[in-house]
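Down below is the structure, laid out as structure tokens.
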Amino acid sequence: MLSVVSPLSAREEQVFRWAMDVAFAVHRELGPGYREKIYGLAYCLELDSRGIKFEREKKIDVRYKQWVIPDQRIDLVVEGLVLVEIKAVPKLLKLHERQVRSYLKTMGLRAGLLVNFNTVLVKNGMRRIVST
């Protein structure tokens, strides 16, 4: 039997599973067809109902050489460990994954969950993104 070792800590893995469970719960209730804003708010309500800490629309600064570019916004950061990027698009693109990787790099985080709620099965619209 092949054993898979995660590059994430046990705590990061736990929070990542919570983030996925919340996405499943939101999609089970709403299904596809709404705007990202609706899914984002529902996601936050579900996190709150479970007592999971999160930051929504978190502002970050992007550093470019000696300058700071303000006002980049991250959809969600769960428990200070997992970045969640919410989409409601026909199809996830590599661009969306690169966006999450850039956010992870800027924030110094290692785990990201990209969720496209515009799918019949939300598991087909999820991407686990881990920076090493």
(message) Can you confirm whether Ile60 sits close enough to Ile74 that some side-chain heavy atom of one is under 4.5 Å from a side-chain heavy atom of the other?
(response) yes
(request) Could you check if a side-chain atom of Val89 sits within less than 4.5 angstrom of a side-chain atom of Asn118, using non-hydrogen atoms only? (result)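 In short, these two side chains do not touch, never coming nearer than 4.5 Å.
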Could you give the distance from [atom1] ([X]) to [atom2] ([Y]), rounded to the nearest 0.5 Å?
{"X": "Leu41", "Y": "Arg35", "atom1": "CG", "atom2": "CZ", "value": "9.5 Å"}
{"X": "Trp18", "Y": "Leu113", "atom1": "CH2", "atom2": "CG", "value": "15.0 Å"}
{"X": "Arg101", "Y": "Leu83", "atom1": "CZ", "atom2": "CG", "value": "12.0 Å"}

(message) Surrounding CD of Glu29 (heavy atoms of other residues, nucleotides or ligands, distance under 6.0 Å), is the total greater than 12?
(response) no
(message) More than 12 heavy atoms of other residues, nucleotides or ligands under 6.0 Å from OH of Tyr34: yes or no?
(response) no
(message) Between the side chains of Glu46 and Arg50, is the shortest nitrogen-to-carboxylate-oxygen separation below 4.0 Å, so that they form an ion pair?
(response) yes
(request) Look at Arg128 together with Glu13 and state whether they make a salt bridge at an N to O cut-off of under 4.0 Å. (result) yes
(message) Run the side chain to side chain contact (heavy atoms under 4.5 Å, CB included) test on Glu85 and Val115 for me, step by step, so that the C-alpha distance in whole Å, both residues' side-chain angles and the decisive distance to 0.1 Å come before the verdict.
(response) CA-CA 6 Å; Glu85 182 66 21; Val115 183; over 6 Å; no
(message) Among Arg127, His27, Lys87, exactly one meets side chain to side chain contact (heavy atoms under 4.5 Å, CB included) together with Asn116. Which residue is that?
(response) Lys87
(request) Dump the intermediate steps for side chain to side chain contact (heavy atoms under 4.5 Å, CB included) on Val77 and Met107, then the final yes or no. (result) CA-CA 10 Å; Val77 179; Met107 295 187 68; 3.6 Å; yes
Does [X] use its side chain to pair, donor to acceptor, with the backbone of [Y] at less than 3.5 Å?
{"X": "Thr119", "Y": "Pro32", "result": "no"}
{"X": "Arg110", "Y": "Lys105", "result": "no"}
{"X": "Glu97", "Y": "Lys94", "result": "no"}

Distance-minimising heavy-atom pair for [X] and [Y]:
{"X": "Ala19", "Y": "Val84", "value": "CB-CG2, 4.1 Å"}
{"X": "Gly125", "Y": "Leu92", "value": "O-CD1, 3.4 Å"}
{"X": "Cys44", "Y": "Arg56", "value": "SG-CD, 3.1 Å"}
{"X": "Leu109", "Y": "Leu81", "value": "CD2-O, 4.0 Å"}
{"X": "Leu104", "Y": "Ala111", "value": "CD2-O, 3.3 Å"}
{"X": "Lys91", "Y": "His96", "value": "O-CE1, 3.9 Å"}

According to a 4.5 Å side-chain heavy-atom criterion applied to Ile, Leu, Val, Met, Phe, Trp and Tyr, with indirect links allowed, do [X] and [Y] form part of one hydrophobic cluster?
{"X": "Phe16", "Y": "Val130", "answer": "no"}
{"X": "Tyr43", "Y": "Val15", "answer": "yes"}
{"X": "Ile129", "Y": "Val22", "answer": "no"}
{"X": "Met126", "Y": "Leu114", "answer": "no"}
{"X": "Leu76", "Y": "Met20", "answer": "yes"}

(request) List the steps and the verdict of side chain to side chain contact (heavy atoms under 4.5 Å, CB included) for Leu30 and Ile38. (result) CA-CA 9 Å; Leu30 294 178; Ile38 299 300; 4.1 Å; yes
(request) Kindly state each residue pair satisfying side-chain hydrogen bond (donor to acceptor under 3.5 Å, both in side chains) with at least one member in residues 68-82, sequence neighbours excluded. (result) Arg11-Glu79, Gln72-Tyr103
